Amino acid sequence: MCGIIGYIGKKQALPLLMDGLRHESYRGYDSSGVVVFDHDNVTLVKATGKLEKLEEKIQGMDIPGKIGLGHTRWATHGGVTEENAHPHADCKQNIFVIHNGIIENYQQIKDELQAKGHRFISETDTEVLSHLVEHFFTGNLEEAVGKALAQVRGAYGIAVIAKQDPDKIVVARLSAPIVISVNNDGGFIASDPGTILSHSNKMIFLDDGEIAIVTGEGCKITDLKNNAKDKVATEVEWTLQEAEKTGYAHFMLKEIMEHPASLENVLRGRLLMDEGGVKLGGLESIQDKLRDINRIQIIACGGSAYAAQVGEYMLEEYGGIPTEVEIGSEFRYRKPVFDGHTLSIFISQSGETADTLAALKEVKERKGLSLGIVNVVGSTLARQMDAGVYTHSGPEIAVASTKTFTAQVAALALVSLFLGRQRQLSGPAGRDVVGKLSELPAQVREILGRRNSIEEIARRYHQYPNFCVIGRKYNYGIALEGALKLKEVAYVHGEGMRGGELKHGSLALINNEFPTLAIVPTDSVYEKNISTIQQIRARGGKVIAIATEGNREIQKIADDVIYIPENLEMLTPVLATIPLHLFAYYVAVARGCEIDKPRNLAKSVTVE
Ligand code: M6R
């Protein structure tokens, strides 16, 4: 959940670290800190609150030095204080550590180190690392880091520097990402490829159990037992412009406006119009095994699990395979029943979500077949899958996922079509889906073109503290997604529900102070949705309907209507998502919320 950045090389480190932190701060923004070495001089600056607070502190300070580390924190152990902010030092102010993850046995190690005379100043788990490295340090940093890591349990992406071994940054990972890039200016390390993209797009993704010694000229990678590892740099496709706000007020709005491009990217080169099928290169290696599966479980968290809800209907109707959605954080605690004929599909934007990774571990231990739908190339999840489909949405910076959500839904449609064509789906039926999929980017553009009218509706409703969001069948997951976005960015309560469930209890909440966003495309459950809207109206509830263009009847029973173009029932979720993302965004703007970095949250949830 935290962001880390490090530099060693020919240039002054501080501006590069601050630039990196500006990018990394979406990973955690409770507090931040930097440490820079200039021969024997060490400057350590920390501040609580947003990165601007650190910027204010360092303004006017002279902080020379060509090696340093920076960190932006999402608090787990210990409150938001300067003492708890990283980097953490040892007793002698020789060793400095930044860390993303959790050291589970920190208390035991801390007790032992304190008994040996080490003095701790923070409440964090991380500080045990700096003292443990100190304990083993005899002049060679990587050796001390290796010995220290052999003592700890948990998850870490760490970077360590030592004044007494100053020409290197030592980094290591276990279940938390670390990328390395070395160019003519020096060596860069970060938790996110986008952070160092402006320096090079060639990156080495560290694997679990690896340590790297990064210098200004290169990097050497070993395992924890000091066996050398040969690793090739991966070329990251993202562009710099994708990682910048480019004139938009917020990344969230920019990323909402990128829904069409993101859909184009996930569909590009994959639709086989003549055959009525799809080409998914990532599935070729397992296509025979896929013929053999008779059950699917989709495992994901948060918004990605809501995309999975849409996928459940797609995979059953078009793929012809019984499918269930499993929440990553629950999966391994409930003795899941699956066998060699079960396909486990993992969905994750970041590819680093700890709960989803834990579920993957369980599936792999039991030799299950895994398929990933992932955005971040080279992420842990992507690299551990048997096969995968990248969504190619580009970097997503706002904490709330938007463009990657619709890309996940589109990717699930592609997988459904692939499996369906292996089974019962005819060529003409497949062609119909392919044709309709290809219409999505233009249809989404059309909705975005009408965003002013959605903004106007959002402004009128922004003061309500509660919203109900309902959808049925394919659009149930979208109701959950719409409600989550309201909570996440606008800090208002959103209750996402299956339309049919409302009358079984939650209808008691509805009155003229509790409006409902109703997803009612003209589809197989349209009539049922209309009945639900009538039930809401009868209790005085206001209704904002998301309906199919051309439906005039809906205007008679809804207070406001947002139209979406007509498409296949299975693809309406992609279209219905757009007004809900815009609505949540504009409500958040009207309420004056912190949009790209909502309170208490972080983009990538790398703790269980
Ligand atoms: O990176 P992932 O897709 O695995 O992340 C899962 C959730 O943490 C994520 O979707 C979260 O719910 C978003 N902030 C939703 O907008």
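All values derive from a computational prediction rather than experimental measurement. Read the numbers this way: they start at 1 and go in the same order the structure lists the ligands and their atoms.
- Using a 4.0 Å cut-off between a side-chain N of Lys or Arg and a carboxylate O of Asp or Glu, Glu324 and Arg295 do not qualify as a salt bridge.
- In terms of protein heavy-atom proximity, atom 7 (C) of ligand 1 is closest to Cys301 O, 3.6 Å.
- At least one heavy atom of Lys485 sits closer than 4.0 Å to an atom of ligand 1.
- For Lys603, no nitrogen or oxygen atom sits less than 3.5 Å from a nitrogen or oxygen atom of ligand 1, counting backbone and side chain alike.
- Considering backbone and side-chain N/O of Gly303, one or more are found under 3.5 Å from N/O of ligand 1.
- Considering backbone and side-chain atoms alike, Ser401 places an N or O below 3.5 Å from some N or O of ligand 1.
- When each of Leu440, Val409, Val310 is paired with Leu571, the side chain to side chain contact (heavy atoms under 4.5 Å, CB included) condition holds for Leu440 and for no other.
- Taking the six-membered ring where tryptophan is involved, the planes of His199 and Phe188 are essentially parallel, since the angle between them stays under 30° and well short of 60°.
- For atom 1 (O) of ligand 1, the closest heavy atom belonging to the protein is Ser350 OG, 2.6 Å.
- Those atoms of ligand 1 that come under 4.0 Å of a heavy atom in Ser348, given as number and element, are 1 (O), 2 (P), 3 (O), 4 (O).
- Short contacts between ligand 1 and Ala400, defined as distances under 4.0 Å to a heavy atom of the residue, involve ligand atoms 16 (O).
- Between atom CG of residue Asp207 and atom CD of residue Gln384 there is a gap of 8.0 Å, rounded to the nearest 0.5 Å.
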List the steps and the verdict of side chain to side chain contact (heavy atoms under 4.5 Å, CB included) for Val376 and Gln349. CA-CA 6 Å; Val376 178; Gln349 184 286 127; 3.7 Å; yes
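- Here the heavy atom of the protein found nearest to atom 14 (N) of ligand 1 is Glu488 OE2, 2.5 Å.
- Annotation for ligand 1: atoms under 4.0 Å from non-hydrogen atoms of Leu484 are 12 (O), 15 (C).
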Going through the distances and angles, do Tyr464 and Val492 end up as a side chain to side chain contact (heavy atoms under 4.5 Å, CB included)? CA-CA 8 Å; Tyr464 289 98; Val492 295; over 6 Å; no
Kindly indicate, with the supporting measurements, whether the criterion side chain to side chain donor-acceptor pair (under 3.5 Å) is fulfilled by Thr72 and Glu24. CA-CA 7 Å; Thr72 172; Glu24 291 275 341; over 6 Å; no
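- With respect to atom 8 (O) of ligand 1, the closest heavy atom belonging to the protein is Val605 CG2, 3.9 Å.
- Closest to atom 5 (O) of ligand 1 among all protein heavy atoms lies Thr353 OG1, 3.4 Å.
- Looking at Leu290 and Leu369, their side chains come closer than 4.5 Å, going by heavy atoms from C-beta outward.
- For Lys603 (side chain) and Ile397 (main-chain N/O), no donor-acceptor pair under 3.5 Å exists by modelled atom type.
- Ligand 1 places these atoms under 4.0 Å from at least one heavy atom of Ser304: 2 (P), 3 (O), 10 (O).
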